[in-house]
Structures are given as structure tokens and as C-alpha cells.
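Encoded as C-alpha cells, the structure appears first; notes follow it.
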Number of protein chains: 2
Amino acid sequence: MARPPTSRDLARLAGVSQATVSRVLTNNPKVNPETRARVLQVLKDANYTPNALARAMKTGRTDTIGVFMTRVTSPFHAELLDEIGRVLSSTGLHMILWNIEHDPEETVAEVLHQRLVDGFVLTSATYDSKLHTMALASGTPTVLLHRGIDELECDQVVGDNWQGAYDAGKYLVDHGHTDIGLVTLVHTGNTSRDRDLGFRAALADAGVKIKPSNVVSVGVPHADGHAAAEKLLSRKKPPTAIYTVTDLLAFGILDGARAVGARVPDDVWVIGFDNTEMAAWESFDLTSVDQPTHAIVETGVNLLRQRIADPDRPTETVTLPCPLAIRGSTANRH
Amino acid sequence: MARPPTSRDLARLAGVSQATVSRVLTNNPKVNPETRARVLQVLKDANYTPNALARAMKTGRTDTIGVFMTRVTSPFHAELLDEIGRVLSSTGLHMILWNIEHDPEETVAEVLHQRLVDGFVLTSATYDSKLHTMALASGTPTVLLHRGIDELECDQVVGDNWQGAYDAGKYLVDHGHTDIGLVTLVHTGNTSRDRDLGFRAALADAGVKIKPSNVVSVGVPHADGHAAAEKLLSRKKPPTAIYTVTDLLAFGILDGARAVGARVPDDVWVIGFDNTEMAAWESFDLTSVDQPTHAIVETGVNLLRQRIADPDRPTETVTLPCPLAIRGSTANRH
DNA sequence: AGCGAATGTGTATACGTATTCATTGTATAC
DNA sequence: GTATACAATGAATACGTATACACATTCGCT
């Protein structure tokens, strides 16, 4: 394959200067309509596409966004990624994806300096990750999606995890539950924290106490939910409902319940968080707090684009409601 | 944030020319060890990283691979993507991800000319997609993973779908099944075709006929598997086993079986294909033909790197074995 | 008719790096 | 002691584009 044609080649073909070709490409109004038409025709005939690298070097804009994620195989994260890809591409932006579980932080640090991207999307911000710190320090426009950090001078778009969790808790006590299990994650960020605290607040407001033995703190995998359910449900007097902070854990809990012979929802209600597509599968039929993934991503990418256009604008934190999606894993007892 | 320092800035600091700094950066041997040490120290102090764009423009290499996928939310594809990310990043390569469901083909065509990437990874090649045709025509090194195209002059790494399917069929007939359901996809590529034909061949070799009414052709989503199972299992004399060509469909089939009250494996055996992580979940406990995802990706990326280094080398097609992973959705009846 | 403004185009340059070429200094060979 | 190879470095250039600037032409208005 020969070297791709350059704007200079086409300029010669069209009988104009390279500058004029460039003006046509950038929709510069200062070009005669006739000339423009002629150049466009030549461009089309040659099936020309500008060299993105040269353009980026000149303009300083790459039209590429760096996306940092974790655990792409987790259902919610996969849906989030899918949505990010859709929104970015519909905006004409490319996506470079990094999995921060695989990439050492040094790699990440390099990327920040390379000017490979116009901005960053971080979906897995944790208190102790240096990622957002480095990103912000580098001056690169950055938006936090799904997981936020309080008081951080950074655009953020998150679901209202606290409210969603509160509503889930209220829903349970409203339906007469008083012996409730809570399978929670170590608080590594706002998200897991609020999904825990909001739930506890709802129970506290209703005067329902959570027995310490009903609280299990676990890691993220499905197997951890499974184990937690076995632990909670194999007691002599198991809780009548279990709430957990992600769908993935909820799926594990449903599996664990099945393993110990507990029926859902007859013996135990189960509520998850994220409302992933899989929650609607018959195997799970999981009541879950919905995360407005599409709105989160759309809003976040918009904020990011605005910041790229104007780096000095004030930061915004957007919080979107998380309504409860009720399914068969909880059933009206009354 | 100030403009990042350039090699010229650092050259001044180190008291050398920009050319020497560049020589240090590229490990050019023609530089005095003393000078090199001094420059390296300055680079380190300044926390310098070369501008990737300028470097790429000069060398023609971006150290970035374009990955084209579909349906990231599908469990197997998510695992594949995760693996691709891991392997690429461990090789020092970046990944630009495109979802060809979102991106119109015109977009794709542009990318091919932009020289944004050194090569392509395609995981969803279909006979009629123009993607691989365009990619190859553009002269960009390209490798097909997971889905191949027969007789195509292109590096390819695929699982041995035919053999895996054959083994699944043989396993069923060896265990006495004679009334077997087949939930298949329209043949859009080698993968779905071989997963269908290999299975049929095993049954044919054993003298077991497949009733036409036992064959259901569906789309990719979970719901389609669900519907297929309901159709097959609500007949007066339903098949005693169902094989299907992806785990996602198998999950749908398990759900459908549950919906019509058919017990697995007591009433019906179910076999999927891909052996995703979820197949091991207790909800599914699915027997499935394993795809050696790690080996596929590792081999494929290696081929790609070799082709980038030497575009004229002969193309290779690697086929890796797909062993059957047996779980509770099939049980030894004897 | 004349003059400033507006329009269209070309020339030249810069983005930051890698690399060729020229140049200097130093070591080796005769 | 000179000629020559070689090592180390700097100066200059090119990658392909966008754009500031200069320039020529036309237009609008008195």
C-alpha cells in the first residue's frame, strides 16, 4: 500500500495551494464557493482523509478521550462502557480505554503527559487512587462518572446512591421487614459508602435496628455475595430480606440462597443496586435500584466537552435520581 | 497548567542539543555514556514524557491498536475485551475501542486512513461486513480474533468451534440422548456456522437424527434463548437435551426452562458455548464448550505485532482446541 | 474616479520529535 | 608525523497539517 495522499498532493491536483485545501477541510469561510467545490471533488475522488496525527499536533486537539475503568466483565461496568462508547462516538470522539487493574500507575502517569487525549473519563474513582489527583494535576479536563469524590474540584456525574439506598430500605420496612441483612462493600468511594449509609438511614428513620450479625462486608465478586448469603441464611433465624450494594453481589446472594435452600421471595427478599439488564432475567428477577446509566454518561460527556472548550469554567457535580425497579425477588406481602 | 516541556527545553537545561536528547530517548548507542547520564537526570527531574503525537508523526508508529467489537455487554465479549486490554497493555500498546454497532461504516473507513493506529483487532468479522475488507485494503496490519473468515488472506486466531461443537454432540449421544434440540444462530460467520455444523456432524456420525422441529434459529439476545426454550419444551414430547451456540443463549434457555417448569438436568440437559465466568455461577451451573480466550488473544496480538514489524510475512491462521467443561446442567445418567 | 474595506489565495512558518548530514575532536594505523 | 577511521555532537530538515501574514483583486461607497 502506497503512502496515503497528503493535503499537498491534493492541492497540486486541484491546482490550489495546500493552505486552501486545509481551509476547505476546516470549513474556513474564507474560501470561494467555486474553489471549495472543486477541492471537495478532488478530495472525494482521492478518498482522502486528513492525517489525524499531524492535525492533532497542530491544533493540540486529538478528538480522543481517555477512559479509565475497572472490571469490564462486571455487568454494570460493561453496560457503562457500552454507553460511554455510544455517546462518545455519536459526538465524533474516539475512546482510548485503559483498565486500571492491568495498567500500572506509572503507565497512567505517562499517558497524562503524552497529550494523547483531550480529556479523561474516570468511572472508578476511589479515595486512595491517585488517578484523579494526577489527572487533575496534569490540567487535563476530567470528569468522574458513576463514582464521585466529595469536595473534589472536578466535574462529576453520579447517581443519587444515598437516596436510592434510602428508598430501598424504606421499601423493605414499609413492607413489614424488621430483620434485614446488609451485604456491603468496604467504602472505597462515595458510591459504596452512600449505598450503605442511605440504607441504614432509612431503617433508622423507621426505628428498625440492624443487628450487627446481619451486616456482612465483602469484596466485589459474585462468589462473595454467594458466601455472604450462605452465612446469613444458614443461621437458625435468618433475616427476611437482604439488601446489597451491587447487582453482581445480589446475583451471588440469589445463588447462595438457592444453595442453602432458601426461597426468594418466600423466605427472603433480595434487593440489588444498578438495575443491570441481567436483573430482568428470569433466573434473577431482581428488584434493584436503577442507575440512569444513559443520563449519567450523556451528562458527563457533555460536561467534559464544555470543560475542554473552556477549562476555566466552574466545576459541576450532577446527581441523578435512582428509582427503585421492583421485580419478583421482592413480593408484596400484604 | 503550563505547556509541557519539550525535548528542546530539556536540551537547553542539559546543555546539549535537542538531537542528543532525542538520541537518549531512543536509546541511540551513539551518545557518550556521561552525556546520557546527565540528560537522563535532567529528564527525570523535569518529569518529562515525549509528546506521543510528534513522535508518531515522525516515526509513523503510534503504539496504538484499534479494536473493533460488538455487544460489549455480552458476557463473552466482555471477557474477550478484558483480555485484549490486558495483553495489549502488557505489551506497551494502547487500545482505541470502537463498537461497530454504534459507529457507522463511514466512520470506520475514515479511521482506516487516519493512521491513528498501527493495526487492527477485529473480533466480530462476518461474511458481509465490509470491515475486514476495508481494513485489509487499507494495508493496515489486521488480525481476526474469535471469528474468522475462510480463505481470507489475513492473520486469524479462532477456537476450534467445529471440534468443540462435535464433542458436545458426541457427549450427548454418548449419554443416550436421541431427541436433541439445537438452538442456533443465523450463520453470519465461521463461528456460528461451525458451532452448528460440528454438532450436527457428531449426531450424524452416531446415527442420531435431528428433527427439524427441534431446530430453532434465533438472534443473539438472552430473550431469544428464553423464547426458544419455551417453544421447544412446551411441546407434548420435548427434547431431552438442548445445545446452543453461545452461553448467553444458554442462559436464556435455562431461564425459559424454568419458566415452563422443566427441570435441568432432570428433564432436559443444556449445553452452551464459550464457558464464560457466569457459566460457573450456581444459577446456571452450565456445561459449556470452553473458549481459550487468553490463548486466543495472546496468540493474536503476537501475530499482529509480527505483522506490524514485517508486513510481508505470510498470513497465519491458528486454531485452538475448545474442550468441553462439564457442569450440573448435564448429569451422568448412567 | 478613488479609496478603504472585504474577499480570496498563496507563502511561510510552527507544532515536537527523529534522523540525515556536516563538523569537530580523538584514537588508531602506517 | 600525517592520514584515516571513528566517536560524539550540533545544525538542519522533514513528518502533514493549520494558520498568521502578505498580497492581489474586487466591491461598496462617496
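A, B, ... follow the sequence lines: proteins, then strands. Residue 1 opens every chain.
- In this structure, a donor-acceptor pair under 3.5 Å is absent between the side chains of A:D155 and A:T315.
- The end-to-end axis angle of the helix from C:dA1-D:dT30 to C:dC30-D:dG1, rounded to 10 degrees and based on five pairs per end, is 40°.
- OP1 and OP2 of C:dG8 both lie 4.0 Å or more from every side-chain N or O belonging to A:T35.
- Residues passing the salt bridge (Lys or Arg N to Asp or Glu O under 4.0 Å) test with A:E316 are A:R313, sequence neighbours excluded.
- The distance from atom CZ of B:R36 to atom P of D:dA7 is 14 Å, rounded to the nearest whole Å.
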Would B:I308 and B:R61 count as a side-chain contact (heavy atoms from CB on, under 4.5 Å) if you check the C-alpha gap in whole Å, the side-chain angles of each, and the deciding distance to 0.1 Å?
-> CA-CA 9 Å; B:I308 290 171; B:R61 307 232 357 240; 4.2 Å; yes
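- In this structure, B:K30 places its NZ atom 9 Å from P of D:dC6, rounding to the nearest Å.
- If you measure from atom CG of B:N32 to atom P of C:dG25, you get 16 Å, rounded to the nearest angstrom.
- Residues forming a salt bridge (Lys or Arg N to Asp or Glu O under 4.0 Å) with A:R86 (at least two apart in sequence, or on another chain): A:D82, A:E83.
- Taking all atoms of both residues into account, the shortest heavy-atom contact from A:V117 to A:T62 is CA-OG1, 3.4 Å.
- For A:H132, the ring-ring contact (aromatic ring centres under 6.0 Å, His included) criterion is met by no residue, not counting sequence neighbours.
- Summarising the geometry, the separation between CG on B:N27 and P on C:dT19 is reported as 12 Å, rounded to the nearest angstrom.
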What is the per-nucleotide protein-contact pattern of nucleotides 16-26 of chain D, from the 5' end, where B denotes a base atom under 4.0 Å from a protein heavy atom, S denotes such proximity for sugar-phosphate atoms only, and - denotes neither?
-> BBBBB------
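- Between the side chains of A:Q41 and A:D45, at least one donor-acceptor pair of N or O atoms lies under 3.5 Å.
- Here A:D150 pairs with A:R193 under the salt bridge (Lys or Arg N to Asp or Glu O under 4.0 Å) rule; sequence neighbours left out.
- Across the protein-nucleic acid pair, B:R38 atom CZ and D:dA8 atom P stand 14 Å apart, rounded to whole Å.
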